[in-house]
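Every heavy atom of this structure was used, including side-chain atoms; hydrogens, water molecules and symmetry mates were not. What you see is a predicted model; the values in this text were computed from it and never measured.
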Amino acid sequence: MAKTSKIGPGPDVLLDWYRQNGRALPWRINSGRAPSPYHTWLSEIMLQQTGVATVIAYYQRFITRWPNVEALAQASEDEVLGEWAGLGYYSRARNLLKCARRVADDHKGIFPADLAALKALPGIGEYTANAIRAIAFDLPANVVDGNVERVMARVFAYDQPVNLPAGKKEIQAIAGRIAPDEYSGDYAQALMDLGATICTPRKPQCPLCPWRDACRAYALSLTETIPVMRKRPKLPLRHAAVFVLRDEAGRYLLRQRPASGLLGGMWEFPSSPWDKKGDKKGDKNNLAGGFAEDQAAYAPVPISSLYKLPRKLVHVFTHFRLDLDIYVNLPSLPTEISAKGSWFYPAALPALPTLSKKVLNEARKILGDTP
DNA sequence: AATGCGGGGCA
DNA sequence: TGCCCAGCATT
């Protein structure tokens, strides 16, 4: 029996549920033993703000190419970013490599189990440090991610917003009070699986929940209203023109983004700046006014020689929405282009972020250049 | 404490 | 279309 707290639900019924219903995920499989720190760390970094279904294929490719932290530490940043392309939040990929090198160089290739030492590593914060401690080392930890927040908020009928720093802090304190001091890895993963499969954001499956009898939100019929989420403001709109250009050899023109910031270091098609409409003129009423001229100014070739796709492309980032007009050059490009960037044959394109893949896919419908 | 940072799934 | 989601770093 795991030691139970005097308040709230007990861990044993949850652990029993997990052993019957836990998900079989690639990073959990280690012939009945705790997964290695490397596998735990890699999966947890990928899972930051990213769903299991999306992560699995990336995780498999990473461990195939780089089976251990020493191997990853020897990779180049371009190689890691290339494998990461499409996963989003690209600073995670840079920090992943920095962290691997720090573990290799400063820790002799062995991940530390100490909480402060883990949090000192790039890309590892409060949640990830605790997750590694629990899952890889089976040491006492307080593992609180978005799933656990939701479970705790419901079980304790916490009626304040959980997506604000103050609420997160309170939930974390509550979770810490009922965390057992053994079976830490199973308990952490059980909580996350419960949140992912039973205690879901909408329509939780309470009849199947091992903690139903202890759940205050269930007793009060508040499972649809708890957790309370502060509403997110509507996303501002930006838009731009993007240029998909091919030379006589059929190569595409791409440029590399600055190393930091949005889509840092990733390749993309040249575009005008992602301005808000009329922003340049400081005149919100002057909508299309100077914008079309600005688009033309950033085209690597005369914009009148390009074909504008009839459909706009919409892409949503974390904090704004981007509407793109896509321009392509039809059959042949008349002259050499002196624009900054590099030419790539279709079969040798660098790994592209999802936005650029969407642009390419739209352009290819017109160009007839099927991948 | 607030902000910047992707992408996918779902109703 | 809007809402939700397995966080961390920077300021």
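Listed nucleotides: dG8(B), dC5(C), dA6(C). Nearest to the side chain of R232(A): dC5(C). Closest to the side chain of H315(A), out of dA6(C), dG7(B), dC5(B), is dG7(B). For D145(A), whose side chain is taken as the heavy atoms from C-beta onward, the closest listed nucleotide among dG7(B), dA6(C), dC5(B) is dA6(C). Residue P353(A) places its side chain closer to dG7(B) than to any other of dC4(C), dG7(B), dG8(B). Side chain of L25(A), nearest nucleotide from dA1(B), dA6(C), dC4(C): dA6(C). The listed nucleotides are dG7(B), dG6(B), dA1(B); the one nearest the side chain of L262(A) is dG6(B). Across dA6(C), dC4(C), dG6(B), the shortest atom-to-atom separation from the side chain of F317(A) is found for dG6(B). Side chain of Q49(A), nearest nucleotide from dG7(C), dG8(B), dG7(B): dG7(C).
Because its NZ or CZ atom is not both nearer than 6.0 Å to the ring centre of F344(A) and within 45° of the ring axis, R251(A) does not count as a cation-pi partner of that residue. A cation-pi geometry, defined here as NZ or CZ lying under 6.0 Å from the six-membered ring centre and within 45° of its normal, holds between R61(A) and Y58(A).
Of all the residues in residues 127-139 of chain A, not one reaches under 4.0 Å from DNA chain B with any non-hydrogen atom. Heavy-atom distances under 4.0 Å link DNA chain B to G86(A), G88(A), Y89(A), Y90(A) of residues 75-93 of chain A, given in residue order.
Here the separation of dA6(C) from dC5(B), taken at their P atoms, is 23 Å to the nearest Å. Separation of the P atoms belonging to dT11(C) and dG6(B) is 16 Å when rounded to the nearest angstrom.
Between R202(A) and N95(A), the residue anchored nearer the 5' end of DNA chain C, judged by the nucleotide with its closest heavy atom, is R202(A). Comparing G123(A) and R150(A) against DNA chain C, the residue whose closest nucleotide sits nearer the 5' end is R150(A). Comparing G264(A) and P165(A), the nucleotide of DNA chain B nearest to each residue sits closer to the 5' end for P165(A). In terms of position along DNA chain B, the nucleotide closest to T318(A) lies nearer the 5' end than the nucleotide closest to the other residue of the pair T318(A) and K203(A).
Rounding to the nearest 0.5 angstrom, the gap separating the OH atom in Y298(A) from the CZ atom in F243(A) is 10.5 Å. To the nearest 0.5 Å, atom CG of residue L253(A) and atom CG of residue D247(A) are 8.5 Å apart.
Using a 4.0 Å heavy-atom criterion, one finds that V316(A) contacts the bases of the nucleic acid, with or without backbone contacts as well. Counting non-hydrogen atoms under 4.0 angstrom, V148(A) reaches nothing in the nucleic acid. When heavy atoms are screened at a 4.0 angstrom cut-off, I45(A) is found touching no nucleic acid atom at all. Heavy atoms of E126(A) sit under 4.0 angstrom from primed sugar atoms or phosphate atoms, though from no base atom. Contacts of L263(A) with the nucleic acid, taken as non-hydrogen atoms under 4.0 Å apart, involve only primed sugar atoms and P, OP1 or OP2. At the heavy-atom level, G51(A) lies nowhere under 4.0 Å from the strands shown. Residue-level contact check: G195(A) touches neither bases nor backbone, having no heavy atom under 4.0 Å from any strand.
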Please table the atom pairs, donor to acceptor, closer than 3.5 Å between any side-chain atom in residues 205-234 of chain A and protein atoms at least two apart or in another chain.
residue	atom	partner	partner atom	Å
Q205(A)	NE2	K203(A)	O	2.9
W211(A)	NE1	G10(A)	O	2.9
T225(A)	OG1	L222(A)	O	3.2

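Rounded to an integer number of Å, the gap from CZ of R94(A) to P of dT10(C) is 13 Å. Regarding M46(A), its CE atom lies at a distance of 15 Å from the P atom of dG8(B), rounded to whole Å. Atom C1' of nucleotide dA6(C) and atom CG of N163(A) are separated by 16 Å, given to the nearest angstrom. Distance K231(A) NZ to dG2(C) P: 14 Å, rounded to the nearest Å. For the pair F320(A) CZ and dT3(B) C1', the computed distance is 14 Å after rounding to whole Å. Spacing between atom CD of Q172(A) and atom P of dC8(C) amounts to 10 Å, rounded to whole angstrom units. Rounded to whole Å, atom C1' of dC3(C) lies 11 Å from atom CG of L235(A). Spacing between atom CD of Q48(A) and atom C1' of dG6(B) amounts to 13 Å, rounded to whole angstrom units.
The side chain of H319(A) contributes an N or O atom lying less than 4.0 Å from OP1 or OP2 of dC5(B). The side chain of T354(A) contributes an N or O atom lying less than 4.0 Å from OP1 or OP2 of dG8(B).
The aromatic rings of W27(A) and Y59(A) stand perpendicular to each other, their planes meeting at an angle above 60°, with 30° marking the opposite boundary. Aromatic ring pairs are classed by plane angle as parallel below 30°, tilted from 30° to 60° and perpendicular above 60°; the pair Y38(A) and W41(A) is tilted.
If you check the side chains of R150(A) and N147(A), you find a donor sitting under 3.5 Å from an acceptor. Judged purely by distance below 3.5 Å, without hydrogens or angles, the side chains of E170(A) and Y158(A) pair a donor atom with an acceptor atom. With 3.5 Å as the limit, one finds no donor-acceptor pair spanning the side chains of D16(A) and Q20(A).
Side-chain N or O atoms of D181(A) include none that pairs as donor or acceptor with a backbone N or O of P140(A) at under 3.5 Å.
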Test side chain to side chain donor-acceptor pair (under 3.5 Å) on E44(A) and Y127(A); report intermediate values, then the result. CA-CA 9 Å; E44(A) 289 299 339; Y127(A) 162 74; 2.7 Å; yes
